[in-house]
Amino acid sequence: MVFLDFEKPLEKLYEQLEKIQQVDEEGIVDMSATIKELETKIRNTRKEIYNNLSGWQKVQLSRHPERPYTYYYIEQMCRKFVELHGDRFVADDKAIVGGLGNLDGQSVVILGHQKGVNTKMRQYRNFGMANPEGYRKALRLMKLAERFNYPVICLIDTPGAFPGLEAEERGQAEAIARNLFEMAQLKVPIVCVVIGEGASGGAIGIGLGDRVFMLENTWYSVISPESCSSILWHSWDYKEQAAEALKLTADDMFANGMIDEIIKEPLGGAHNAPEEMAKALKRHIKKTIAELQEMDVEERIEARINKYATMGVYDVIPQEAVQEKEGK
Amino acid sequence: MGWFKRLKDGIQTATRNKKEAPEGLWYKCKRCKETSTMKELKENFLKCPQCNYHVRIGSHDYFDLVFDGNYEELYPDLISRDILKFSDLKPYPVRLEEAKKKTGLNEALTVAKGKVNRRPLVICAMDFTFIGGSMGSVMGEKISLAIDHCLETKIPLMIISKTGGARMMEGAYSLMQMAKTSAKLTRLAKARIPFFSFLTDPTTGGVTASFAMLGDINFAEPEALIGFAGPRVIKETIKKDLPEGFQTSEFLLEHGFLDFIVDRKDLKERVSDMLTFFDN
């Protein structure tokens, strides 16, 4: 088990539990009452910690090394899945994966960012940072879905689009922009879920949909708290403050009307009961797809565009003030 | 005896390297360091008369360069709100006030409607001097309104980008402007109303990764910095020096992301030509 710094009280309790269980197994003393007591204590402590998570703590949770990634959810949710590779131009990106899936009898195109599960794989997956080929592969799969009238599911989990030399040469910006443009007009339903990190253009590049959900302990913003700290505070040390200031949690994003729903995670985070998490996710996605399929194609596209068109808050200078300024 | 002693007589700094000149009379080129008069600069389409460096200019300078005389400003009364109560080293409202004072503008984007060789055009142009030309809710909404106006009137749209990208102080709201503007542009495309994206120095981040790359025609000023990630971030990521000319307009043209590059002196004619082509 991996414990994050704010989970330290839990770590101690688990250590105690382990020792007592050992004694119990030796069979000399019956410790079952103490074990029960400790387990209750662990549950309560966990509840207490998890009820009061700060923005930064949620960022940490979203990056928990044991957290389930896209492949896991696909495997859990789809009866069958065939991965499809390549953008048909340059390469097969390893940070965005996708293919055809069967969701209880419904064919879907399901894709998402994939992070590696160990050091070697993390490198192989480029830490979930896609190159333009990833976005172009995603678009190719979405167009396939459109042609055969299958819904599209996008799972978002990235610290950002890769800021590399080749990425620029091959048009990282164009690839993301093109996806936004095409996703806005895609004729089939699109459901997007932030399952981990939702950083900036790298996230929204597969994130424009009819419905956008966030798992409870994830974040979504214009920049990572670290980079924000570096740019605005001129130091890497203000990531906690930046995480608060950016209002990047699922609660904030829902309150500000930028996502449609929050999907609750099991106590202790998705990694604590991944199967349960995948079931909840599947339930939400299935229900949403069914709702969206009821809509007429043009109506759905218009509603999608209108949803984004209303995002943004601004003020209007009162007319008197304008006239006064002009009068001067 | 004084504390300091002059070792060499006379002024040592070469005149060409002399800093500070009275505002408004002289222009000292950032690139070649040569000095010209403002009059010469203006006569040369706001490019350095010595080395052709395209000086970073403002929205109204572009309007003057492109439109036939008069133009009408649209939606001038939209202003940013501190939605997130954002504060880093400075509170966002203070940054906004300072920017307004410094630039005399209300926001980083100005929309204007005018005529180019007697053909109507709506231009959205950015001011880099206003918080780095950053895109927040107001920029997104102004572009969105401009698109609606173009849909109604069938007038072509041109966006002149000059920006560092999204405005962090508006958090995810600024990110969503990428989706908002791109989604709205699809309506313009469906209605077959041309959209020209003109990229100037610099155009990076969320603006490049949305509407700036989505023009029916994408074109740029010479030697402008254009990219997704900024050069510093890329350098830190790959831990190598960047090749010369990386992320310039010429680089993007070579890699297939621009239709052409245009010198500022030919800008108006080129825009006018495009309006003529698309008028058929």
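Every chain is numbered from 1, with letters handed out A, B, ... down the list of sequences.
Contact annotation for A:Ala161: both backbone and side-chain heavy atoms come within less than 4.5 Å of a heavy atom of chain B. For B:Leu185, the parts lying near chain A are the backbone and the side chain together; criterion is any non-hydrogen pair under 4.5 Å. No part of A:Glu182 comes within reach of chain B, as not one of its non-hydrogen atoms sits under 4.5 angstrom from that chain. No part of B:Tyr75 comes within reach of chain A, as not one of its non-hydrogen atoms sits under 4.5 angstrom from that chain. When heavy atoms are compared at a cutoff of 4.5 Å, A:Leu165 approaches chain B by way of both its backbone and its side chain. At a 4.5 Å heavy-atom cutoff, A:Met183 makes no contact with chain B through either its backbone or its side chain. Neither the backbone nor the side chain of B:Lys240 comes within less than 4.5 Å of any heavy atom in chain A. Residue A:Leu232 touches chain B through both its backbone and its side chain, counting heavy-atom pairs closer than 4.5 Å. Proximity to chain A (any heavy atom under 4.5 Å) is shown, for B:Thr204, by neither the backbone nor the side chain. With a 4.5 angstrom heavy-atom cutoff, B:Ala212 does not touch chain A via any of its atoms. At a 4.5 Å heavy-atom cutoff, the contact between A:Ile231 and chain B is made by side-chain atoms alone. Within the 4.5 angstrom heavy-atom criterion, no atom of A:Asp252 approaches chain B.
The two residues B:Ile238 and A:Gly164 make their nearest non-hydrogen contact at CG2-CA, 4.3 Å. A:Ala245 approaches B:Phe86 most closely through the heavy-atom pair O-CD1, 3.4 Å. The minimum heavy-atom distance between B:Leu175 and A:Ser221, with the atom names listed, is CD2-O, 3.4 Å.
Between chain A and the options B:Lys235, B:Lys190, B:Glu107, the largest number of non-hydrogen pairs under 4.5 Å is found for B:Lys190. Interface summary for chain B: among A:Glu174, A:Lys247, A:Glu168, A:Met311, the most heavy-atom pairs under 4.5 angstrom belong to A:Glu168. Here B:Thr186 is the residue among B:Thr186, B:Asn218, B:Ile226, B:Leu89 with the most heavy-atom pairs under 4.5 Å with chain A. Ranked by non-hydrogen atom pairs under 4.5 Å with chain A, the options B:Lys184, B:Met178, B:Glu170, B:Lys85 are led by B:Met178. By number of non-hydrogen pairs under 4.5 angstrom with chain A, the leading residue of B:Ala179, B:Gly227, B:Ser174 is B:Ala179.
Side-chain contact between B:Leu84 and A:Leu246: absent, with no pair of heavy atoms (C-beta onward) separated by less than 4.5 Å. The closest side-chain heavy-atom distance from A:Val316 to B:Ile79 is not below 4.5 Å. Taking 4.5 Å as the limit, every side-chain heavy atom of A:Ile176 sits out of range of all side-chain heavy atoms of B:Met213.
Under a cut-off of 6.0 angstrom, the local environment of CZ in B:Phe260 is crowded, with over 12 non-hydrogen atoms contributed by other residues, nucleotides or ligands.
Rounded to the nearest 0.5 angstrom, B:Asp88 CG and A:Tyr238 OH are separated by 11.0 Å. Taken from NZ in B:Lys180 to CG in A:Leu208, the straight-line distance is 13.0 Å, to the nearest 0.5 Å. The CD atom of B:Glu236 sits 9.0 Å away from atom OG of A:Ser227, with the distance rounded to the nearest 0.5 Å. Note that the CG atom of B:Asn106 and the CD1 atom of A:Ile317 stand 4.0 Å from one another [nearest 0.5 Å]. With rounding to the nearest 0.5 angstrom, the CD atom of A:Gln172 is 9.5 Å from the CD1 atom of B:Ile234. Interatomic distance, A:Arg178 CZ to B:Ser182 OG, rounded to the nearest 0.5 Å: 9.5 Å.
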(Q) Checking B:Phe251 against A:Glu169 for the side-chain contact (heavy atoms from CB on, under 4.5 Å) test, could you report, in this order, the C-alpha distance in whole Å, the side-chain angles of both residues, the deciding distance, and whether it holds? (A) CA-CA 8 Å; B:Phe251 177 92; A:Glu169 272 177 8; 3.3 Å; yes
task: Go through the steps for A:Ile204 and B:Met176 under the test side-chain contact (heavy atoms from CB on, under 4.5 Å), then give the verdict.
output: CA-CA 8 Å; A:Ile204 208 163; B:Met176 293 305 153; 3.9 Å; yes
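No donor-acceptor distance shorter than 3.5 angstrom exists from the side chain of B:Ser137 to the backbone of A:Gly312, with no hydrogens or angles considered.
Ion pairing of A:Glu302 with B:Arg187 is present here, as a side-chain N (NZ or NE/NH1/NH2) and a carboxylate O approach within less than 4.0 Å.
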